[in-house]
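For ligands, and for the atoms within them, numbers begin at 1 and follow the listed sequence. One-based numbering along the sequence shown.
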Amino acid sequence: MNQTRQTVHVPLGERAYDVIIGGGLLADAGALCAPFLKRSRAVIVTDETVAGLHLAALQAGLSSAGISSGAIIVPAGEGSKNWATLEHVVEGLLAHQVERNDSVIAFGGGVIGDLAGFASAILRRGVDFIQIPTSLLAQVDSSVGGKTGINSPLGKNLIGAFHQPKLVLADIDVLDTLSGREFLAGYGEVVKYGLLGDAAFFEWLEKAGPGLRDGDKSLRIQAVARSVAAKAGVVSRDEKEHGERALLNLGHTFGHALEAATGYSQRLLHGEGVSIGIGLAFDLSARLGLCSQETPSRVQEHLAQMGTKRRLADIPGDLPDADALITLMGQDKKVVDGTLVFIVARSIGDTFVKRDVPMDVVRGVLVDALRDRSAV
Ligand code: GLY
């Protein structure tokens, strides 16, 4: 089985960096990070779960290259993307005497990457940081592209900054400790890359998905590398999301509203909201007459084959009605002049941004999805 490491370059001029994907990267972290450290010390920001599983391995890897490290450990979960935890991290970095030329290591899933990245963006007006993502979602999406930030009670990711990492190390071995649920939540972001612009990748996933879900490392490396390459292309053409980058939000307008409706809790993980949101976005596209009726069915079939959450019926507990969900969508950061922006599809692999979606069609999608839910 080919488990060769792959490197994807993110070509952003003076902010360019590499994403290295493969096994054993924690053990080699010292040698890989050393070129980016101005002195042989770093501070790691991580969460309690990742610290328990992998912090010792990362610190051993760093120290094998003579790099000493401290750690700031925050509670796991989306709840840590708030002002209080940001203050704790920033003050902790200052207490660890992180200077303007030092680097922070963000070691965890999407929450840690966003939180530690934002702390790095504002600490001493910006210090370097390295992403070592430990969830599938973070490896394929959130660790690449420089979006950092925290949530507001009014909505997700409303406070933040673009701050590109200097290096991303996606250690595929670390994915072995994810629960099946966490892995599948991240898979929503993998399938997104096929659906939004690469029909051949989606076809590949239809065949390879079950194998990579069940632990095939070669398939996992290929899926992560292909997703990251797709993201690198988009980010290099539209770093600050003035156009094409918005496509990466396929499924997110619906998904963010569902996350808000479930209180950013364990009821619905971010990637699960994305998978369900992707299903709704394809349903919306078919209702708008943009794609064939078969297209949403094919998407749903693949999500069902993988066992991901894919319908509102898969969310436990009560949900608000369609109008309340639409109000929550209004808090989405992609709202422009009060108008909701949707990513819709002409076919698998062919998506575009649409700003004039009639809200009665959106309401119809949600009403029917909520009805299907009560029928289950
Ligand atoms: N996760 C979407 C983006 O990075 O633009």
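Looking at residues two or more places apart in sequence or on another chain, you find a side chain to side chain contact (heavy atoms under 4.5 Å, CB included) between A119 and L86, V89, V90, L93. Contacts of R298 classified as side chain to side chain donor-acceptor pair (under 3.5 Å), with partners at least two apart in sequence or in another chain: E206. In this structure, the side chain to side chain contact (heavy atoms under 4.5 Å, CB included) partners of N82, at least two apart in sequence or on a different chain, are A84, T85.
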Hey, what polar pairs (N/O, under 3.5 Å) does ligand 1 make with protein?
{"residue": "ligand 1", "atom": "1 (N)", "partner": "D141", "partner atom": "OD2", "Å": "2.8"}
{"residue": "ligand 1", "atom": "4 (O)", "partner": "K231", "partner atom": "NZ", "Å": "2.5"}
{"residue": "ligand 1", "atom": "4 (O)", "partner": "R245", "partner atom": "NH2", "Å": "2.8"}
{"residue": "ligand 1", "atom": "5 (O)", "partner": "K147", "partner atom": "NZ", "Å": "2.9"}
{"residue": "ligand 1", "atom": "5 (O)", "partner": "R245", "partner atom": "NE", "Å": "2.7"}
{"residue": "ligand 1", "atom": "5 (O)", "partner": "R245", "partner atom": "NH2", "Å": "3.3"}

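Ring centroid separation for the pair F254 and F342 comes in under the 6.0 Å cut-off.
Summarising the local packing, CG of D360 is surrounded by more than 12 heavy atoms from other residues, nucleotides or ligands at distances under 6.0 Å.
Residues F129 and I105 have side chains not in contact (no heavy-atom distance under 4.5 Å, counting atoms from C-beta outward).
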